[in-house]
Asks: 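Pasting a structure here, questions to come.
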Amino acid sequence: MKARKKILITGGAGFLGSHLCDRFVNDGYHVIAMDNLITGRLENIEHLFPKESFEFYQHDVSKFIHVPGELDYILHFASPASPIDYLKIPIQTLKVGSLGIHNCLGLARNKNAKVLIASTSEVYGDPEVHPQKESYWGNVNPIGPRGVYDEAKRFQEAMTMAYHTYHGLEVRIARIFNTYGPRMRLNDGRVLPAFIGQALRGEDITVFGDGSQTRSFCYVDDLVEGIVRLLHSNYNQPVNLGNPDEISIQSFAEEIIQLTGTNQRVVYKDLPKNDPKQRQPDIELARKELEWQPEVTRAEGLKRTYSYFKKLSTAELYKKEHNNFEDYIK
Ligand code: UDP
């Protein structure tokens, strides 16, 4: 029998990483999830532990990494990914995007593995071009509050391309736009868990600014399908993955109120510094190269996501933090 293909997924206990672990285990791969559990959670992958084709390494990818034997693929998905997280752990955010990818690329060279990195729409910063195409270079403030994330991800792209051009390594770069679904952390500060959590606790819904800023939300299953197709494509330049269905944050708040049937009040708070005014992926390249486009409507995706959050216990709902920052930052 042919040996299973082996894949290392960094950030494997996180929101996107854990969904990728599920997908690759189901597709018959041997999956190694690596996570330092600073923002990732074992609950996301616990159900995979009994499987022989699944392993978990509790390890920080910013430090030297090793995987014994052959390795076919590396997906680098380890990183804090919400503005609140990277304000609290800015150095770790910078390290995982820079030292972390360097370790992954070194390991990939050593094993002759293909590497796919999770880049982000944040490389476009507060964009002056709309919608954002891959050819746009972005408008990023390197020393603003988002700089630690945006610049780490931009560096990560540069480093990955350098390994491709200089060492001939097979690389794939996914520029991921706002993605949502089950297993998001309730208190990570991102808009969807924030609004749903507020609705479930009977609190006011907090819209930042006047709510006219826009985002485009992609359901996690669509994103995972896009990642799989990109990994197996022959395309080594960045590709946008996201859902072009754009909505203002004000309208999004109204949708959540309707979805949860809670009739909560909307209150307005200061817009965080450097909060992008608009964001919408141009996905023509993904359509052409990967024959991919999102299939799950926001109405359907929100329904599935809400049913996940609704099942959380009261204790979980009122827990202040859903991370291990205190344990981690000594
Ligand atoms: N936002 C909001 N209320 C909240 C949390 C976020 O109005 O309680 C806004 C935030 O200012 C931003 C948008 O929702 O304009 C999306 O924020 P998120 O942190 O989810 O992602 P990002 O800004 O990185 O796209």
Side-chain angles (χ1 to χ4, degrees), residues 14-16 39 79-90 93 97 118-127 130-132 138-141 144-154 175-181 183-220 223 240-257 259-260 262 264-281 298 301-302 305 309 317 320 322-323:
F15 163 49
L16 293 181
T39 59
S79 177
S82 85
I84 283 198
D85 286 350
Y86 37 81
L87 277 177
K88 286 189 183 159
I89 42 172
T93 304
S119 188
T120 165
S121 53
E122 285 285 329
V123 300
Y124 303 124
D126 189 0
H130 194 73
Q132 294 79 53
N139 176 36
V140 171
N141 176 3
R146 289 173 182 251
V148 294
Y149 182 67
D150 299 6
E151 294 298 356
K153 291 289 188 178
R154 288 169 70 96
R175 287 191 182 151
I176 300 170
F177 284 64
N178 296 67
T179 300
Y180 69 99
R183 302 183 191 158
M184 291 183 96
R185 275 161 41 230
L186 198 60
N187 292 340
D188 77 354
R190 279 183 285 187
V191 67
L192 179 135
F195 285 178
I196 291 188
Q198 288 161 348
L200 287 172
R201 290 186 299 263
E203 297 167 4
D204 295 338
I205 305 287
T206 55
V207 166
F208 297 162
D210 63 4
S212 64
Q213 72 273 30
T214 68
R215 294 294 186 271
S216 309
F217 297 98
C218 183
Y219 188 66
V220 63
L223 197 272
N240 286 343
L241 293 177
N243 190 325
D245 188 4
E246 185 182 6
I247 185 172
S248 72
I249 295 303
Q250 172 67 39
S251 304
F252 190 59
E254 286 158 15
E255 279 192 3
I256 298 289
I257 290 168
L259 172 81
T260 53
T262 45
Q264 295 312 120
R265 212 163 55 112
V266 173
V267 296
Y268 297 87
K269 298 221 161 157
D270 288 347
L271 190 67
K273 199 171 163 207
N274 297 152
D275 197 286
K277 284 179 278 306
Q278 49 182 7
R279 185 182 289 152
Q280 182 194 33
R298 198 169 52 248
L302 286 181
T305 308
F309 281 112
L317 210 55
K320 281 256 169 321
H322 286 72
N323 57 52

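Indexing begins at 1, ligand by ligand and atom by atom, following the structure's order. Note that the coordinates shown come from a computational prediction; the quantities given were computed from them, not determined experimentally.
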Asks: Could you tell me which atoms of ligand 1, counted from 1 in the order shown, lie closer than 4.0 angstrom to a heavy atom of Thr206?
Replies: 2 (C), 3 (N), 4 (C), 7 (O), 8 (O)
Asks: Just jot down the ligand 1 atoms closer than 4.0 angstrom to any heavy atom of Arg190, in number order.
Replies: 19 (O), 20 (O)
Asks: Okay, side chain of Asn139, backbone of Asp126: is any donor-acceptor separation there less than 3.5 Å?
Replies: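 Yes.
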Asks: Run the contact test for Phe195 against ligand 1 with a 4.0 Å cut-off on heavy atoms, strictly below, and give the result.
Replies: yes
Asks: Which of the atoms in ligand 1, numbered in the order shown and given with their element, are less than 4.0 Å from a heavy-atom of Glu122?
Replies: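 It comes down to these atoms of ligand 1: 24 (O).
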Asks: Decide yes or no for Glu122 and Pro276: does some side-chain heavy atom of the first lie under 4.5 Å from some side-chain heavy atom of the second?
Replies: yes
Asks: Identify, by atom number and element, the atoms of ligand 1 in contact range of Pro83, meaning under 4.0 Å from any of its heavy atoms.
Replies: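 Listed by number with element: 19 (O).
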Asks: Test your reading of the model: is there a side-chain donor-acceptor pair from Gln264 to the backbone of Gly202, 3.5 Å cut-off?
Replies: yes
Asks: List in chain and number order the residues that pass ring pair (Phe, Tyr, Trp, His ring centres under 6.0 Å) with Phe195, two or more places apart in sequence or in another chain; answer none if no residue qualifies.
Replies: none
Asks: Of the listed options (Leu271, Val191, Asp270), which comes nearest to atom 18 (P) of ligand 1 when hydrogens are ignored and any heavy atom counts?
Replies: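 Closest candidate by heavy-atom distance is Val191.
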Asks: Applying a heavy-atom cut-off of 4.0 Å, say which part of Asn178 lies close to ligand 1: side chain, backbone, both or neither.
Replies: side chain
Asks: Arg215 versus ligand 1: do any nitrogen or oxygen atoms come within less than 3.5 Å of each other?
Replies: yes
Asks: Scan Asp204, Thr262, Thr206 and name whichever one has a side chain to side chain donor-acceptor pair (under 3.5 Å) with Gln198.
Replies: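 Exactly one option meets the side chain to side chain donor-acceptor pair (under 3.5 Å) with Gln198, and it is Thr206.
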Asks: Heavy-atom contact check, 4.0 Å cutoff: does Arg146 meet ligand 1?
Replies: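 Flag set, Arg146 near ligand 1.
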Asks: Which of the atoms in ligand 1, numbered in the order shown and given with their element, are less than 4.0 Å from a heavy-atom of Val207?
Replies: 7 (O)
Asks: Is there a side chain to side chain contact (heavy atoms under 4.5 Å, CB included) between Ile205 and Arg265? Walk through the geometry before answering.
Replies: CA-CA 6 Å; Ile205 305 287; Arg265 212 163 55 112; over 6 Å; no
Asks: Report the member of Phe252, Phe217, Phe208 with the shortest heavy-atom distance to atom 7 (O) of ligand 1.
Replies: Phe208
Asks: Which of the numbered atoms in ligand 1 are under 4.0 angstrom from any heavy atom belonging to Ile249?
Replies: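 Those qualifying, in numeric order: 7 (O), 13 (C), 14 (O).
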Asks: Give the atom numbers and elements of ligand 1 that come within less than 4.0 Å of a heavy atom of Ala194.
Replies: 8 (O)
Asks: For Glu246 and Thr214, which I'm curious about, is there any donor-acceptor pair between the side chains at under 3.5 Å?
Replies: yes
Asks: Any idea which atoms of ligand 1 are less than 4.0 Å away from a heavy-atom of Gly189?
Replies: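 Every atom of ligand 1 under 4.0 Å from some heavy atom of Gly189: 5 (C), 19 (O).
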Asks: Applying a strict 4.0 Å limit to heavy atoms, is Ser82 in contact with ligand 1?
Replies: no
Asks: Does the gap between the ring centers of Phe177 and Phe217 come in under 6.0 Å?
Replies: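 Ring centroids of Phe177 and Phe217 are no less than 6.0 Å from each other.
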Asks: Provide, to 0.1 Å, the distance between atom 11 (O) of ligand 1 and the closest protein heavy atom, together with that atom's residue and name.
Replies: Asp275 OD2, 2.6 Å
Asks: Distance alone, cut at 3.5 Å: any donor-acceptor contact between the side chains of Tyr180 and Arg190?
Replies: no
Asks: Using a 4.0 Å heavy-atom cut-off, say whether Gln213 meets ligand 1 through its side chain, its backbone, both or neither.
Replies: side chain
Asks: State whether a side-chain donor-acceptor pair under 3.5 Å links Arg279 with Asn178.
Replies: yes
Asks: Quick one: does Tyr86 get an N or O within less than 3.5 Å of an N or O on ligand 1?
Replies: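 The answer is no, given that Tyr86 and ligand 1 share no N or O pair closer than 3.5 Å.
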Asks: Any non-hydrogen side-chain atom of Arg298 less than 4.5 Å from a side-chain atom of Glu255?
Replies: yes
